[in-house]
**Student:** 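Let me give you the structure first, and then I'll get to my questions.
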Amino acid sequence: MASMTAADWKTGQTMRLGEAAYGELRDRLTRGGYRPGDKMTVRSLADALGVSSTPARDAINRLTAEGALVYAGPKTVIVPFLSEDDLREVTLIRLALEGLAAEQAAAHCQDHHIEKLLEIQIDINKSLETKAYSEALWHNKEFHFLVYRLSGMPHLIALIEAQWLRVGPSFYGLYPEFAEARHGVRNHQMAIEALQDRDAKALRAAFENDIRDGYRRLRASLRQDSGG
């Protein structure tokens with residue numbers, strides 16, 4: 001077998017960096033790290049991720065091909081805006097997929113999972129109290145996906161992540177009203193109680209309520225932004 005050349009090593013390294021940059025940018029989008037309308041340039045992304053221009057460009061190109069980023073001009077890539085119809089579609093899909101994942105998770109939950117969820121919720125509460133909404137969104141995804149992964153259904157998780165990629169940048173529209181009313185906090189508490197009781201139906205209901213509450217707030221935000 002031929003030994004690896006310097007060119008082969010460099011190509012492999014570039015591919016690994018490109019994959020890492022893509023994964024990191026994708027994750028930031030799902031967590032609301034970027035907002036609709038934000039411009040995505042190769043230079044700014046490379047600086048943010050600490051990589052060179054090639055993996056940053058690859059990440060942008062891949063996410064543009066997936067529809068997570070869009071062209072607003074010949075050389076301008078932005079985070080897309082969701083229309084009200086888009087939001088409704090995403091919400092209906094999320095209710096089906098995330099409700100199923102939550103319901104399946106109940107049977108696999110152990111005490112240490114509940115302890116971790118309680119720790120995450122403390123972090124969420126602290127972030128809300130200090131109006132650190134970006135941090136709250138980061139922890140929010142940790143809470144949701146810890147439960148969803150307990151379903152043991154990786155393909156279902158991938159489908160859920162695809163919807164979060166669509167709606168994630170709009171999550172910032174939940175605040176400050178969502179924080180002040182503590183909608184998410186109440187729903188998460190209901191989810192933890194359902195897990196403590198190993199009540200699959202109640203767990204599904206808690207996550208569905210969370211999604212519906214978020215939908216109503218995001219819809220109001222869209223209408224406000226559009227002057228409707």
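The first residue in the sequence is number 1, and the count goes up from there. Note that the coordinates shown come from a computational prediction; the quantities given were computed from them, not determined experimentally.
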**Student:** Do the side chains of Arg62 and Asp58 get close enough for a salt bridge, i.e. N-O under 4.0 angstrom?
**Tutor:**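 No salt bridge links Arg62 with Asp58.
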**Student:** Kindly write out the residues that satisfy side chain to side chain contact (heavy atoms under 4.5 Å, CB included) with Arg212, not counting sequence neighbours, or none if the list is empty.
**Tutor:**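 Once residues adjacent in sequence are excluded, the partners of Arg212 under the side chain to side chain contact (heavy atoms under 4.5 Å, CB included) criterion are Leu95, Glu208, Asn209, Arg216.
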**Student:** Side-chain donor-acceptor pairs under 3.5 Å in residues 106-114, sequence neighbours left out?
**Tutor:**
{"from": "Asp111", "atom 1": "OD1", "to": "Arg198", "atom 2": "NH2", "distance (Å)": "3.4"}
{"from": "His113", "atom 1": "ND1", "to": "Gln110", "atom 2": "N", "distance (Å)": "3.0"}

**Student:** Hey, are Arg166 and Glu89 close enough for a salt bridge, meaning a charged N less than 4.0 Å from a carboxylate O?
**Tutor:**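 Answer for the salt bridge query: yes.
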**Student:** With distance as the sole criterion, is a donor-acceptor pair present between the side chains of Asn125 and Gln121 under 3.5 Å?
**Tutor:**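 Result is yes, a qualifying pair exists.
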**Student:** Please round to the nearest 0.5 Å and tell me the distance separating atom CH2 of Trp164 and atom CZ of Arg94.
**Tutor:**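 CZ of Arg94 is found 5.5 Å from CH2 of Trp164.
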**Student:** Are Trp138 and Leu117 connected into the same hydrophobic cluster when the rule is that any two of I, L, V, M, F, W, Y join if their side-chain heavy atoms are below 4.5 Å apart?
**Tutor:**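 No.
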**Student:** Take Arg28 and Glu24 through the salt bridge (Lys or Arg N to Asp or Glu O under 4.0 Å) test and state the conclusion after the steps.
**Tutor:** CA-CA 6 Å; Arg28 292 188 182 193; Glu24 179 63 22; 2.8 Å; yes
**Student:** Establish whether Leu150 and Leu118 are linked, either directly or via other cluster members, by ILVMFWY side-chain heavy-atom contacts under 4.5 Å.
**Tutor:**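 Result: yes, single cluster for both.
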**Student:** Are Leu165 and Leu174 connected in a single hydrophobic cluster, I mean Ile/Leu/Val/Met/Phe/Trp/Tyr linked by side-chain heavy atoms less than 4.5 Å apart?
**Tutor:**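 Different clusters: Leu174 never reaches Leu165 through Ile, Leu, Val, Met, Phe, Trp or Tyr contacts under 4.5 Å.
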**Student:** Are Phe81 and Val77 connected in a single hydrophobic cluster, I mean Ile/Leu/Val/Met/Phe/Trp/Tyr linked by side-chain heavy atoms less than 4.5 Å apart?
**Tutor:**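 No, Val77 does not connect to Phe81 through the hydrophobic network.
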**Student:** For the hydrophobic clusters of this structure (ILVMFWY residues joined by side-chain heavy atoms under 4.5 Å, transitively), does one cluster hold both Leu218 and Ile160?
**Tutor:**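 Yes, same cluster.
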**Student:** Report the distance from atom CD1 of Ile124 to atom CG of Leu137, rounding to the nearest 0.5 Å.
**Tutor:**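 Separation between the atoms: 9.5 Å.
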**Student:** Which word best sums up how the rings of His188 and His144 line up, parallel for under 30°, tilted for 30 to 60°, or perpendicular for over 60°?
**Tutor:**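 His188 and His144: perpendicular rings.
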**Student:** Could you state the interatomic distance from CG (Leu203) to CG (Asp197), rounded to the nearest 0.5 Å?
**Tutor:**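 If we round to the nearest 0.5 Å, Leu203:CG and Asp197:CG are 10.5 Å apart.
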**Student:** How long is the gap from CG on Leu159 to CD on Glu98, to the nearest 0.5 Å?
**Tutor:**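 That separation rounds to 11.0 Å.
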**Student:** I'd like to know if the side chain of Asp86 pairs up with that of Ser83 as donor and acceptor (distance under 3.5 Å, no hydrogens or angles considered).
**Tutor:**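 Yes, because at least one side-chain N or O of Asp86 sits under 3.5 Å from a partner of the opposite role on Ser83.
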**Student:** Backbone N or O of Lys126 within a donor-acceptor pair of the Thr130 side chain at under 3.5 Å?
**Tutor:**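 A pair under 3.5 Å: yes.
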**Student:** With distance as the sole test, does Thr91 use its side chain to make a donor-acceptor pair with the main-chain N or O of Leu87 at under 3.5 Å?
**Tutor:**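 Yes.
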**Student:** So, the side chain of Thr64 versus the backbone of Ile60: is there a donor-acceptor pair under 3.5 Å, distance only?
**Tutor:**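 A pair under 3.5 Å: yes.
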**Student:** Atom CZ in Arg31, atom NE2 in His139: separation rounded to 0.5 Å?
**Tutor:**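 Atom-to-atom, Arg31:CZ and His139:NE2 are 9.5 Å apart.
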**Student:** Under a 4.5 Å cut-off applied to non-hydrogen side-chain atoms, are Leu69 and Ile78 in contact?
**Tutor:**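 No. Closest side-chain heavy atoms not under 4.5 Å.
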**Student:** Test ring-ring contact (aromatic ring centres under 6.0 Å, His included) on Phe171 and Tyr133 and set out the steps.
**Tutor:** CA-CA 10 Å; Phe171 281 157; Tyr133 300 137; over 10 Å; no
**Student:** Thinking salt bridges, do Asp27 and Lys141 make one under a 4.0 Å N-O criterion?
**Tutor:**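 Counted as a salt bridge, because a side-chain N and a carboxylate O are separated by less than 4.0 Å.
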**Student:** To the nearest 0.5 Å, what is the distance between CD (Glu119) and CG (Leu146)?
**Tutor:**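 Glu119 atom CD to Leu146 atom CG measures 10.5 Å (nearest 0.5 Å).
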**Student:** Please assess Ile192 against Phe143 for the test side-chain contact (heavy atoms from CB on, under 4.5 Å), listing each intermediate value before the final yes or no.
**Tutor:** CA-CA 10 Å; Ile192 291 172; Phe143 187 100; 4.0 Å; yes
**Student:** Have Glu66 and Tyr22 got a donor and an acceptor in their side chains that come within less than 3.5 Å?
**Tutor:**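 Result is yes, a qualifying pair exists.
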**Student:** Hey, mind stepping through Phe145 and Glu161 against side-chain contact (heavy atoms from CB on, under 4.5 Å) and telling me if it holds?
**Tutor:** CA-CA 9 Å; Phe145 279 82; Glu161 287 179 335; 3.4 Å; yes
